[in-house]
Amino acid sequence: MATLPLRLLGLGLLTLAILIPSCQALFPREGAGAPRPFTPGFVRE
Amino acid sequence: MVHLSRARAWAPAVKTAALFLLPFPLGLAAIAALVTGDLYRLALVGGALSSLWTAGVIAFRALAAEARYFLGERPDPPAVPLKFLSALLTALGVALAAVAGGHAVSGALVFAALGALGHAAFYGRDLRPPRINVAMVEGIDVAAVTGQLKQAYGRLRGIDAAAHAIAVPEFRERLARITTTGREILGAIERDPADAARARRFLHLYLDSAERVAADYARTHRQARQDALDQNFRKLLIDMEHTFVAQQRALVERDLVSLDVDIEVLNARLTREGPG
């Protein structure tokens, strides 16, 4: 079936796009000390 | 009546499990944010989780509606672009999760684009409703003919779904030829809707019986392969092919009187000798 590789690629992309930020949200990077988006510090900067 | 063609049509809906299971770490992140009292992160993580799960619900509804459409159980695919909505929510959920994970807005947008792209490739695009352009002819109720044609196209999709579940290549090919001829007949009716009145028995009676017989065979064939049943079904398929071709020819030659009698006889045979 010609669409199978496309579906597998889609699943791979979706997995990476959801899992990576989800895991990073669980274990936030320490270097992320910069002002967070949508906060007063971020707006001032 | 659960059989293979139904299972095949519904199988894509299982794929929506990805949108419910993959964000699992976000649930733990929400608990962690709650424990540490980080309300900002909790809001982001909660927003991401609810966006992704809502995207999953919408994608499931889209794929379930498509399955019913392919089985001929509904005349049209969903009018609202549900998969597109689901992709947008996925992108939003991924972006919120990325921001919660410490990414800048630009990084979050990259993840959002990846998520939307993956969604489109994995679940496919929204189905477009088939164009049924019934020509305007004086004295013909175009809306009624369009409704009849939608129903007839649905029955042909039902035959296609049953054919996919049949393991015997010869039967699949015969059914494919039958539905191809059926679509040509419906195309002829679109061009000249006056034919709809003449092909009434074909549209209502015969297509319905043909779909039922094909679905019954697909179901019983799965349970037990019997030579007598196969032989009987082969004869019915040959008769069906002849009737479809005869219907097509009759529409061209405007000779419907004798064909209606043939259809009556064949329909009685389908009802009497069908595998169900």
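Here is the naming used below: chain letters follow the sequence lines, and residue numbers restart at 1 for every chain. The analysis underlying the following values was restricted to heavy atoms, covering all of them including side chains, and did not include hydrogens, waters or symmetry mates.
Residue B:R74 qualifies as enclosed at atom CZ: its count of foreign heavy atoms under 6.0 Å is above 12. Within a 6.0 Å sphere centred on CZ of B:R183, heavy atoms belonging to other residues, nucleotides or ligands number more than 12. With a 6.0 Å radius and a threshold of 12 heavy atoms from other residues, nucleotides or ligands, B:F20 has its CZ atom above the threshold.
Interface residue B:V45: only side-chain heavy atoms are found under 4.5 Å from chain A. Only the side chain of B:L52 comes within contact range of chain A, with heavy atoms under 4.5 Å apart.
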Please lay out, stage by stage, how A:I18 and B:L19 fare under the test side-chain contact (heavy atoms from CB on, under 4.5 Å).
-> CA-CA 9 Å; A:I18 296 177; B:L19 287 171; 3.9 Å; yes

Could you please spell out the steps behind the side-chain contact (heavy atoms from CB on, under 4.5 Å) verdict for B:L114 and A:L14?
-> CA-CA 7 Å; B:L114 278 179; A:L14 198 63; over 6 Å; no

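B:Y123 meets the ring-ring contact (aromatic ring centres under 6.0 Å, His included) test with B:H119; sequence neighbours excluded. Under the rule for a ring-ring contact (aromatic ring centres under 6.0 Å, His included), the partners of B:F244 that lie at least two apart in sequence or sit in another chain are B:F202, B:Y206.
Considering every non-hydrogen atom in both A:L19 and B:L22, the closest pair reads CD2-O, 3.4 Å. Nearest heavy atom pair, residue B:A97 against residue A:S22, reads CB-N, 4.4 Å.
In this structure, A:C23 SG and B:L26 CG are separated by 8.5 Å, a value rounded to the nearest 0.5 Å.
For the set B:A33, B:A18, B:P25, B:A29, the count of heavy-atom pairs under 4.5 angstrom toward chain A peaks at B:P25.
Screening A:L9, A:L11, A:L8 for a side chain to side chain contact (heavy atoms under 4.5 Å, CB included) with B:F122, the sole residue that qualifies is A:L11.
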